[in-house]
Amino acid sequence: AQKVTQAQTEISVVEKEDVTLDCVYETRDTTYYLFWYKQPPSGELVFLIRRNSFDEQNEISGRYSWNFQKSTSSFNFTITASQVVDSAVYFCALSDNMEYGNKLVFGAGTILRVKS
Amino acid sequence: DSGVTQTPKHLITATGQRVTLRCSPRSGDLSVYWYQQSLDQGLQFLIQYYNGEERAKGNILERFSAQQFPDLHSELNLSSLELGDSALYFCASSPLPQGFTGELFFGEGSRLTVL
């Protein structure tokens, strides 16, 4: 069975601090896909990134970066120089079936509060 | 704006009632997904339709049913409602497999409150 664990329920930081959101996953599949979604206060879920299990290259997008390590089954998300607008709930998710689309298994989410 | 439209945005009803949530996917997306977000269960996958056919089923109760119509819009029917069904129900759609990036596009959700 697939499982995603986000051990950090809530994180509070002061603006401009760096923050890392942890994600640990479990799957028996050799091919799988990892995702991060953001849920701002407005409620909609916004896609941030997808990572394939066969691509361990880390990725950077502006202030966001992701560290994928298969050896530890982790897919952590770092926000550099956090801003108040980063305040949201962040979900890590896992999927194994891409043929007809994603059936995502989500973690419990991490609430990030960035204070000015 | 993701391009996925959900109606109604808010719904308040009583226990034992039946409601229908509607979703219009992004233009061209063949897959529609329904997710339930509640405080105790988190984000749970309910069901997926692909081009009108049920493709995958998750933790969907027997009191719940869904369908995808020929125009690709989908409806989620919730019946014999209980207090515990109060949640935010998301619809998401995804592009065709060819060129599929893996991204799900989520609607803004329908917030159901059962009193």
Side-chain angles (χ1 to χ4, degrees), chain A residues 1-10 23-25 27 29 31-55 59 61 64 66 68 75 88-111, chain B residues 1-6 9-10 25-26 29-60 68 72 74 87-111:
Chain A
Q2 297 180 320
K3 184 178 178 182
V4 176
T5 302
Q6 294 180 255
Q8 303 152 309
T9 303
E10 185 169 340
C23 173
V24 174
Y25 62 92
T27 180
D29 299 306
T31 300
Y32 52 89
Y33 304 84
L34 296 162
F35 301 80
W36 277 94
Y37 278 82
K38 174 182 179 180
Q39 186 176 34
S42 52
E44 76 278 15
L45 285 159
V46 179
F47 168 83
L48 295 178
I49 190 172
R50 179 192 77 159
R51 214 11 137 217
N52 307 328
S53 57
F54 44 87
D55 180 6
E59 182 158 339
S61 176
Y64 295 171
W66 291 269
F68 175 32
F75 186 42
V89 184
Y90 290 87
F91 292 94
C92 181
L94 171 67
S95 170
D96 63 351
N97 180 6
M98 297 285 280
E99 183 180 357
Y100 287 98
N102 284 330
K103 186 181 83 171
L104 295 174
V105 174
F106 284 90
T110 296
I111 301 170
Chain B
D1 183 1
S2 67
V4 177
T5 304
Q6 289 188 247
K9 286 188 169 41
H10 301 276
R26 293 188 331 149
D29 285 359
L30 296 185
S31 276
V32 169
Y33 305 75
W34 286 97
Y35 282 82
Q36 178 195 59
Q37 185 178 29
S38 61
L39 284 175
D40 54 344
Q41 298 289 331
L43 266 165
Q44 297 268 324
F45 168 72
L46 295 180
I47 198 164
Q48 177 203 353
Y49 280 84
Y50 178 77
N51 203 18
E53 294 188 2
E54 183 182 304
R55 186 70 181 95
K57 221 168 186 176
N59 301 323
I60 187 167
Q68 186 179 27
L72 300 178
S74 177
L88 187 55
Y89 291 85
F90 283 108
C91 172
S93 71
S94 65
L96 295 169
Q98 186 176 3
F100 180 47
T101 65
E103 176 178 356
L104 283 189
F105 294 88
F106 282 82
E108 294 183 345
S110 292
R111 183 168 296 282

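What you are looking at is a predicted structure, and each value in this text was computed from that prediction instead of being measured. We name chains A, B, ... by the order of the sequence lines, and we start the count at 1 in each one.
Two residues are said to be in side-chain contact when any heavy atoms from C-beta on lie closer than 4.5 Å; B:Tyr35 and A:Leu104 meet this criterion. At least one side-chain heavy atom of A:Gln39 sits under 4.5 Å from a side-chain heavy atom of B:Leu88.
Within 6.0 Å of CD in A:Glu10 there are more than 12 heavy atoms belonging to other residues, nucleotides or ligands. For B:Glu108, the CD atom is loosely surrounded, since the number of other residues' heavy atoms within 6.0 Å does not exceed 12. Heavy atoms of other residues, nucleotides or ligands lying less than 6.0 angstrom from CZ of B:Arg26 number more than 12.
Residues forming a ring pair (Phe, Tyr, Trp, His ring centres under 6.0 Å) with B:Tyr49 (at least two apart in sequence, or on another chain): none. Qualifying side chain to side chain donor-acceptor pair (under 3.5 Å) partners for B:Asn59, counting only residues two or more places apart in sequence or in other chains: B:Gln44.
Atom CZ in A:Phe47 sits 11.0 Å away from atom CZ in B:Phe106 (nearest 0.5 Å). How far OH of A:Tyr37 is from CG of B:Leu43: 10.5 Å, rounded to the nearest 0.5 Å.
Proximity to chain A is limited to the side chain of B:Gln37, based on heavy atoms less than 4.5 angstrom apart.
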